[in-house]
Enquirer: 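Dropping a structure here in structure tokens format, bear with me for questions.
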Amino acid sequence: MAQIFHPFTNALSRASLVLALVLLLAVLVFAFKLYRSPYLTWAGVLLEQPVAFSHQHHVGGLGIDCRYCHASVERSAFAGMPSTKTCMSCHSQVWSDSPALEPVRDSWRSGRALEWVRVHNLPDYAYFDHSIHVKRGVGCVSCHGRVDEMPWTFRAKSLQMGWCLDCHRNPSPALRPQPAVFQMGWKPTGSPEERQVREWFSRHHDALALTNCTVCHR
Amino acid sequence: MNTATERAPSCGLLAEFADHKALVAAARGAYAAGYRRLDAFSPFPVEGLSEAIGFHRDALAPVVLGGGVLGAGVGYAMQYYLSAVHYPLNVGGRPLHSWPAFVPVIYEMTILFAALAAVFGMLLLNGLPRPYHPVFNVPAFARASRDRFFLYIESSDPLFDLQDTRRFLRRQGALDVADVPA
Amino acid sequence: MPPLTIDEWPEGWPTDLSRRDFLKWSGASLALALLSACRQPLEKIIPYGQEPENLVAGKPLSFATALAQGRSACGVLVTSHMGRPTRIDGNPRHPDSLGAADIFTQAEILNLYDPDRSQVVLEAGQPSHWQTFAAAWTRVLSGLRNGEGLRILTGAVISPSLGDQLSRILKRYPGARWHQYEPVASDAPQEGSLLAFGRRLLPRYRLREAEIIVSLDSDFLGSGPGRLAYAREFASRRRPERGQPMSRLYVAEGTPSITGSMADHHLPASQLQIEAMARQIAWACGARCARLPLEEPARRWAAAAAADLKRSRGRGLLAVGEFQPPMVHALAHAVNHALGNAGSTVEYLPPPDFRPESHARSMGTLARDMGAGRVSALVTVDCNPAYAAPADLDFPGLYRRLPFRVHAGHYADETAAISHWHLPLAHPLESWGDLRASDGTVTLCQPLIAPLYEGKSASELLSALFDENPRSGYELLRARWRHRPSFERFWLESLSEGVVAGTRYSPQRVEPRRTLAERLEPVSQAGYELLLRPDPTVLDGRHANNGWLQELPKPQTTLTWDNAALISPLTARTLEVENGDLLELRFRGRLLEAPAWVLANQAERSVTLHLGYGRRAGGKTAAGLGVDAYALRQGAEPWGGSGLELAKRSGRRALAATQGHHSMEGRRHVRAATLAQFKARPDFARQTEPGPAAEESLYPRWEPGEYAWGMTVNLNSCIGCSACVIACQAENNSPVVGKQEVLRGREMHWLRVDRYVEEHPPRMLHQPVPCMHCENAPCELVCPVGATVHSQEGLNEMVYNRCVGTRYCSNNCPYKVRRFNFFQYADLKTESLKMLRNPEVSVRERGVMEKCTYCVQRISAARIAAKKEGRRIRDGEVVTACQAACPAEAIVFGDLRDAQSRLSGQKADPLNYDLLASLGTRPRTSYLARLTNPAPELAS
Amino acid sequence: MNRPWIGPEHTYASVTDKISAIVLTEKAPRAWLWGFGVSLLLLSMLVAATVYLFAAGIGVWGVNVPVSWGFAIINFVWWIGIGHAGTLISAILLLLRQKWRTSINRFAEAMTLFAVVCAALFPVLHLGRPDKFYWLIPYPSTMGVWPQFRSPLIWDFFAISTYGTVSLLFWYVGLIPDLATLRDGARRPWASKVYGFLAMGWRGSARHWHRYETAYLLLAGLATALVVSVHSIVSLDFAASLLPGWHTTIFPPYFVSGAIYSGFAMVLTLAIPLRAYYGLEAFITERHLNNMANVMLATGLIVAYGYLMEHFMSWYGENAYEHAVTINRMRGPYAPAYWALLLFNVIIPQSLWWRRVRASPWALLAVSLSVNLGMWLERFVIVITSLHRDFLVSSWGMYYPTRWDWATFLGSLGLFFTAMFLFIRFLPVISVSETRELLSEPGASRS
């Protein structure tokens with residue numbers, strides 16, 4: 001028999017071995033990135049909405065408090081979505097004939113509710129309670145980002161379980177004094193009441209309790 | 001084939017032997033004669049052949065040991081970190097660091113890493129894969145994987161001389177000596 | 001040798017899927033599963049146009065109303081999530097509930113969302129409209145001169161307003177007649193009091209006062225109005241370790257009942273024996289009455305009971321079952337008066353009925369008139385005579401000959417099928433109304449939701465039929481109570497309280513007639529004895545389409561989805577039949593084929609057959625289950641009688657029982673002792689199978705967190721009524737799996753009630769088994785993905801969304817309380833059922849394990865509330881669903897770290913023991929052992 | 001001295017040609033085609049059963065509560081057990097310098113590989129959510145949660161995957177020199193290209209042989225340690241639980257010996273028809289069969305001792321639950337399976353005491369088939385009878401397999417034999433280089 005393979009197959013075969021290894025790694029890295037990418041998490045993705053509502057204008061500009069529209073945030077698991085009535089309480093006077101607000105007026109006339117696209121959406125098996133987070137001193141910004149700088153509202157964080165755990169493992173840094181909870185641009189100043197909030201928490205909290213499964217899953 | 005040899009510059013001589021005893025003897029002879037860049041080929045592992053051509057100990061064993069130790073380390077570190085540090089959970093009232101339960105995985109990881117080290121270490125040290133090699137140019141070499149035994153002296157050897165070496169190999173009792181074209 | 005293979009297909013699937021669309025749909029679910037890793041789908045969020053008042057989005061509200069089951073009403077509190085009623089609990093202020101709720105009342109919520117409910121007007125089975133019907137009706141009504149030939153047939157009417165409406169109608173149409181027929185409410189108690197006092201009265205027992213209770217076939221704990229209150233009162237006298245003197249219960253009955261299983265002395269007895277014993281006891285207590293021959297052991301039993309009763313005058317009580325003939329009731333009244341029990345342990349109240357009468361006679365009259373052609377138009381309201389009328393009346397035959405037939409009901413049932421018109425009735429939770437409890441207390445019923453379909457309430461219907469300008473249920477009800485002073489305040493208070501103040505009846509002082517039961521009916525004890533009884537879970541058939549109740553194991557047999565001819569072991573031996581073998585029952589010339597079920601403690605020659613099965617119409621779930629016992633029913637003897645012929649037939653029917661083995665095999669799962677034994681060795685229960693001591697462990701003990709949740713079940717109070725099972729199912733969105741799956745051992749109840757039968761003494765023991773929440777949980781250790789782990793508060797957590805379904809945890813659970821979704825059991829397709837679900841609990845998908853969570857959603861709610869107020873959770877603030885429903889308060893849940901908590905008290909009780917303690921699992925759920933108080937006479 | 005392990009007529013050339021011939025002959029023999037066809041049929045049944053299973057759900061099997069493990073786990077343990085003989089022969093016998101392994105180790109290893117594949121199939125199929133099986137792998141998920149390393153199933157996962165990998169490597173390393181032989185012997189150019197590619201340019205250099213042998217020996221050592229651990233860990237799936245009939249310390253040794261027992265039975269089941277059909281009597285001599293029969297007899301006795309000890313312990317340990325399980329096995333609804341297992345696994349194999357049985361290939365085949373069946377029944381008895389009646393009497397139940405359980409089981413046989421037939425057709429069933437080595441030694445015949 002004569003030579004079966006051409007000399008360059010030596011280089012080729014070794015190269016291909018190395019390449020296979022590299023490829024494998026590449027795939028793993030890609031998957032890792034993909035599952036944390038906006039494509040899957042919707043973080044930072046702008047969504048089609050029935051009305052061009054701007055938090056930047058209402059919160060940043062007019063300085064309306066979160067609770068004016070999201071009324072049940074302190075009492076219920078659900079922060080609450082403003083009813084058409086809430087919108088109309090101002091917009092029957094202000095911008096009462098702007099075409100942008102036609103859907104709102106239409107809903108008010110017909111009684112048909114506005115259908116917003118959910119921006120912050122958790123899976124059905126995850127149970128999140130706004131009231132307790134707010135009461136404990138977790139600022140709105142921590143999860144929803146600087147909505148006062150969002151002309152068009154989008155999901156600020158991935159809302160993935162790993163992200164929840166980051167805070168649940170050690171909540172103290174995220175805690176604010178009550179009055180600061182609903183402030184957008186608040187920065188920790190190291191004030192005594194701040195320290196007190198955190199100390200109180202770490203004193204009154206079983207370190208492992210907050211990462212128990214049934215805290216969120218039932 | 002002769003035509004082939006004339007065209008291509010020879011990269012060594014390949015001597016063919018009938019059985020492994022003859023090959024070992026020839027190999028010893030060649031080594032004694034001062035040849036160093038030489039190799040021997042056989043259809044099955046032959047006792048003392050590698051020593052005959054001056055190859056004594058290989059570096060595989062330590063590599064495998066390394067693999068095993070690494071596997072054990074990784075196995076234990078992973079389990080301890082994941083179940084006691086990263087997400088500590090009360091499972092059946094057992095301690096977070098319940099090392100007895102970690103043993104089986106450590107054990108398996110040790111073996112897995114060691115085995116991988118053994119195989120890939122062997123291939124690496126042997127310079128495989130290498131589908132092309134000059135000796136394959138010699139048609140008779142096909143029998144190296146059947147029933148024939150070969151001694152190969154490379155032309156890069158300082159003592160190498162096409163005529164003398166060919167004569168030398170004949171003297172060692174080779175059935176045939178072939179020129180290995182590049 | 002077990003068969004080498006069986007058919008895998010789950011026939012009788014909860015939502016009966018054909019093979020094809022099952023595959024199609026499960027294929028889709030597979031695709032979904034594969035896509036699950038991919039993008040989260042976008043959802044809509046839809047705010048109100050205008051918020052309703054006093055509603056905080058996401059917070060449940062609770063409303064008081066009442067629900068009727070035949071002749072009894074139960075006051076309830078209904079939980080509503082964003083306008084959807086999701087569960088029903090008892091109303092603590094209601095005398096017939098005291099906060100507890102039975103299986104029927106709780107299961108009504110499923111009836112509300114039942115997709116098979118009647119939704120539109122039907123004309124000859126074809127969809128039509130109210131207007132079309134109204135036109136037809138006015139033509140007919142105008143044709144009848146002052147209502148001549150018009151008949152109205154209803155069930156028992158215990159609603160004052162509805163009663164008034166009916167009497168107004170009868171006044172306006174003097175020719176019209178109103179008949180009542182309630183298939184499983186017996187006339188005998190009222191007839192009995194007629195015999196004894198010449199008045200229609202019903203006895204009400206005061207079990208807290210009673211030391212000796214003798215029950216002749218009376219299932220006062222298990223059926224009839226007031227049972228929930230009785231269960232609580234009875235339990236209060238079964239806690240000797242708390243120092244109260246313990247009461248003693250004698251029960252003689254034909255077929256074992258819940259009450260029978262609580263007896264200190266249980267005696268299976270035939271109808272005839274029971275009457276004989278009644279006479280024996282009455283005679284012994286000084287009543288002048290004739291006696292019947294009585295042989296052992298009945299005589300000894302009766303003598304002992306009588307002696308005990310006499311010994312404790314005024315503190316004893318003789319109770320008689322509603323299916324006993326009037327004479328026996330009369331005898332009991334005589335005894336209770338003779339011993340001065342009347343007024344102390346028994347009091348007499350008028351029945352809750354608006355017009356008390358004999359339903360059998362009322363139905364009989366109607367049938368006679370129909371036969372004689374005196375009826376030209378029959379309006380049936382919430383009653384199903386074509387199915388439930390006595391067979392010898394041949395109601396369907398007579399009915400078909402009527403010129404105009406209208407049926408109003410919740411389902412298009414057997415009667416609807418042969419009526420000209422069928423009108424949909426609104427569900428009680430959709431309508432206004434009022435109901436009278438057994439002690440006369442009235443509850444104003446308010447709707448929780450606008451009618452889902454075109455249904456009207458009974459009163460709205462009558463108004464629509466007979467008023468010139470029909471009024472809404474709301475107006476009608478307000479009109480009825482308008483006369484009350486300061487009406488608006490009265491209205492609001494009554495609605496929020498759930499009871500109308502000052503409507504309770506006051507006990508009647510009565511004297512029994514001197515001469516009693518001199519004459520004897522000719523006695524014939526030929527062949528076997530047939531006992532026709534309401535089914536323990538579907539009653540007269542009204543709940544036949546309710547999956548929860550169909551799949552709820554019947555208290556005595558653990559049968560589901562079927563009824564069967566219950567026979568005693570002796571009968572089984574003589575006929576050489578086993579469970580499931582077909583029997584032929586011949587009674588008064590009528591034939592019926594039914595599968596046999598052998599039942600310990602069944603009276604030897606008595607055969608019990610439960611009504612309510614063999615439905616021919618009225619829902620997909622109900623159709624084709626069991627056999628129709630009404631086929632054997634006689635107008636004259638509605639509860640059966642002697643003279644039944646029994647023969648074995650070839651062939652079997654697979655019966656789906658949830659428990660295959662009823663002996664304890666010497667393993668003391670349920671620990672029981674007599675009062676004497678207990679006094680001698682108070683900790684006998686713990687000594688039976690001691691567990692390892694706390695320090696006997698290789699591992700350091702986990703420090704409990706802020707709370708340490710635990711539970712005790714008091715087997716001394718538990719009557720095995722299964723209210724807890726339905727409560728759990730409703731609270732935790734447990735699916736219904738269907739008969740085939742139950743046959744396979746795949747039922748999904750998180751909480752089951754185990755039954756064990758003991759020979760000496762002959763009795764049945766109940767044991768509710770939820771998850772034990774073991775501190776060293778074996779299930780957690782073997783889960784490869786950590787889908788079940790322990791919380792700091794000691795809960796054994798089950799994370800559905802992490803479970804991959806190895807089912808190893810179930811194998812390793814010694815209590816076998818884990819349940820697995822072998823198929824997609826939760827019905828994700830039926831729209832109406834989506835409204836039923838408790839939004840606080842995940843709906844489980846195919847292929848994941850699930851189990852009791854100690855109602856963790858309720859714990860979370862309480863914890864959040866407490867944290868917001870900066871305090872600990874108070875004792876009794878967390879009430880599990882099962883605990884809330886339990887009429888006997890047998891279940892206690894609480895925090896072990898709080899030494900003052902009610903739970904800590906229970907755990908310290910000498911009777912407290914752990915199940916399978918020797919395994920060292922350290923369960924957080926434990927039991928209080930059962931005690932009995934046998935009579936010295938019968939002890940030997 | 002002993003008769004030689006290779007027929008006297010053979011030379012280097014003849015063994016090479018004889019064995020390569022099976023692979024290098026142009027046309028596949030008719031019998032092979034038949035066998036392959038039937039296997040493919042069974043394999044397609046497995047595919048169908050799996051598709052239906054994934055579509056409809058695990059409920060199409062007979063599993064329930066309390067018996068939530070059924071055929072899947074029985075088959076899993078059975079297949080893993082069969083795998084063990086291969087590793088034992090090629091690794092342990094190598095370390096023990098048992099020359100007779102040479103003729104049988106190659107297809108024994110192949111058998112191991114395919115058996116492990118079949119085994120690994122079932123733990124995935126039997127999951128309620130098979131699409132989530134990868135959660136057993138410790139990878140950095142977005143959920144931030146990890147496998148639970150105290151679970152025997154995780155140990156299993158690591159053991160089986162390691163076992164599969166190492167067996168593959170071991171097998172491939174053994175093949176390299178023979179692939180070279182085929183490369184050089186093949187007439188069709190594409191064949192020699194393919195074999196050449198797989199041989200990675202092996203040329204039998206003395207240095208290579210040296211490292212090769214070191215690697216092979218070390219692998220053998222590792223594989224030996226592995227083979228003992230794998231079935232011990234599988235047995236822990238049961239032993240680490242607290243169920244009566246499972247919770248026992250004797251399981252690891254008795255599972256391992258049981259595995260070897262069933263493995264050798266399978267080797268014989270394959271070897272006897274193979275040597276008869278391809279005329280390999282000169283390589284797989286009656287001495288080989290005899291030795292394997294002896295190993296079977298020995299391990300069989302250990303297994304029997306295991307059964308004995310189980311009963312002794314349940315009596316001696318006076319644990320009521322353990323005792324009940326033993327009684328239930330002998331008298332309960334599944335008693336027939338139990339007695340059949342004793343017949344097939346203990347009684348019939350005793351015939352191996354007689355040389356005449358060991359000497360007759362077809363008698364041996366019969367015995368080994370009975371052992372295969374017996375070992376499957378053993379797993380059935382262990383899994384089912386312990387589960388269906390455990391602690392609480394109220395939760396006792398029964399288990400009946402469905403037609404889909406059977407389809408999956410028989411289908412896995414199809415998968416196994418399909419792979420086996422392909423192997424026979426395309427790779428040397430006996431290690432050529434080792435056979436030559438055997439010939440080279442004094443005492444071995446040469447012309």
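Here the structure is a predicted model, which means the values were calculated and not measured. Computed over heavy atoms, backbone and side chain alike; hydrogens, waters and symmetry mates excluded. Residue numbering restarts at 1 for every chain, and letters A, B, ... go by the order of the sequence lines.
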Enquirer: Heavy atoms, side chains only, cut-off 4.5 Å: are Leu153(D) and Val782(C) in contact?
Expert: no
Enquirer: For Val65(D) and Arg818(C): C-alpha separation, side-chain torsions, deciding distance, then whether side-chain contact (heavy atoms from CB on, under 4.5 Å) applies.
Expert: CA-CA 8 Å; Val65(D) 175; Arg818(C) 291 178 156 265; over 6 Å; no
Enquirer: Only pairs of heavy atoms separated by less than 4.5 Å count here; which of Leu242(D), Leu243(D), Ile154(D) has the most with chain C?
Expert: Leu242(D)
Enquirer: Quick check: closest heavy atoms across Asp754(C) and Ser394(D), and the distance to 0.1 Å?
Expert: OD2-OG, 2.6 Å
Enquirer: Check whether Ser663(C) gets within reach of chain D through its side chain, its backbone, both or neither, counting any heavy atom under 4.5 Å.
Expert: backbone
Enquirer: Please look at Trp146(D) and chain C and tell me whether the side chain, the backbone, both or neither of the residue comes under 4.5 angstrom of a heavy atom of that chain.
Expert: backbone
Enquirer: I'd like to check Arg807(C) versus Ile73(D) (side-chain heavy atoms, cut-off strictly below 4.5 Å). Are they in contact?
Expert: no
Enquirer: Which region of Arg752(C), side chain (C-beta onward) or backbone (N, CA, C, O), has a non-hydrogen atom less than 4.5 Å from a non-hydrogen atom of chain D, or is it both or neither?
Expert: side chain
Enquirer: Glu780(C) and Gln148(D): which non-hydrogen atoms are nearest, and at how many Å?
Expert: O-NE2, 3.2 Å
Enquirer: Just do the ring pair (Phe, Tyr, Trp, His ring centres under 6.0 Å) check on Trp61(D) and Phe822(C) with the steps written out, would you?
Expert: CA-CA 9 Å; Trp61(D) 287 354; Phe822(C) 289 94; over 10 Å; no
Enquirer: Side chain, backbone, both or neither: which part of Leu236(D) has an atom under 4.5 Å from a heavy atom of chain C?
Expert: backbone
Enquirer: Can you tell me which of Met143(D), His126(D), His247(D), Arg389(D) forms the most heavy-atom pairs within a distance under 4.5 Å of chain C?
Expert: His126(D)
Enquirer: Quick one: does any side-chain atom of Arg846(C) pair with a main-chain N or O of Ile58(D) as donor and acceptor, under 3.5 Å?
Expert: no
Enquirer: Measure Leu781(C) against the heavy atoms of chain D and call it side chain, backbone, both or neither at under 4.5 Å.
Expert: both
Enquirer: Looking at Ala324(D) and Arg667(C), what are the two nearest heavy atoms and their distance?
Expert: CB-NH2, 3.2 Å
Enquirer: Counting C-beta onward and ignoring hydrogens, is there a side-chain heavy-atom pair between Phe823(C) and Val60(D) closer than 4.5 Å?
Expert: yes
Enquirer: Does any N or O in the side chain of Gln824(C) come within less than 3.5 Å of the main-chain N or O of Gly57(D), such that one atom is a donor and the other an acceptor?
Expert: no
Enquirer: Tell me, out of Trp135(D), Phe157(D), Trp155(D), who's got the most heavy-atom pairs with chain C below 4.5 Å.
Expert: Trp135(D)
Enquirer: With a 4.5 Å cut-off on side-chain heavy atoms, are Val804(C) and Phe133(D) touching?
Expert: no
Enquirer: Answer whether the closest heavy-atom distance between the side chains of Leu392(D) and Leu915(C) falls below 4.5 Å.
Expert: yes
Enquirer: Does Arg746(C) reach the main-chain N or O of Gly59(D) with its side chain, forming a donor-acceptor pair under 3.5 Å?
Expert: yes
Enquirer: Do you know which of His662(C), Arg819(C), Arg755(C), Glu665(C) has the most heavy-atom pairs under 4.5 Å to chain D?
Expert: Glu665(C)
Enquirer: Is atom CD of Glu578(C) surrounded by more than 12 heavy atoms (other residues, nucleotides or ligands) closer than 6.0 Å?
Expert: no
Enquirer: So Trp246(D) and Asn811(C), do their side chains get closer than 4.5 Å, heavy atoms only?
Expert: yes
Enquirer: Counting heavy-atom pairs under 4.5 Å to chain D, which of Cys803(C), Gly660(C), Gly786(C), Pro778(C) comes out on top?
Expert: Cys803(C)
Enquirer: Could you tell me which portion of Gln767(C) (side chain, backbone, both or neither) has an atom closer than 4.5 angstrom to a non-hydrogen atom of chain D?
Expert: neither
Enquirer: Out of Tyr321(D), Phe149(D), Trp69(D), Trp396(D), return the one with the most heavy atom pairs under 4.5 angstrom to chain C.
Expert: Trp69(D)
Enquirer: Phe238(D) and Tyr808(C): which non-hydrogen atoms are nearest, and at how many Å?
Expert: N-OH, 4.2 Å
Enquirer: Using a cut-off of under 4.5 Å for heavy-atom pairs, which of Thr921(C), Asn812(C), Val848(C) has the most such pairs with chain D?
Expert: Asn812(C)
Enquirer: CZ of Phe391(D) to NZ of Lys816(C): how many Å apart, nearest 0.5 Å?
Expert: 8.0 Å
Enquirer: Which atoms of His669(C) come close to chain D, meaning under 4.5 Å heavy atom to heavy atom: side chain ones, backbone ones, both, or neither?
Expert: side chain
Enquirer: Please report the shortest heavy-atom distance between Asp390(D) and Cys813(C), naming the atom on each side.
Expert: OD2-O, 4.0 Å
Enquirer: Can you name the closest pair of heavy atoms from Arg129(D) and Tyr800(C) and give their distance?
Expert: NH2-O, 3.6 Å
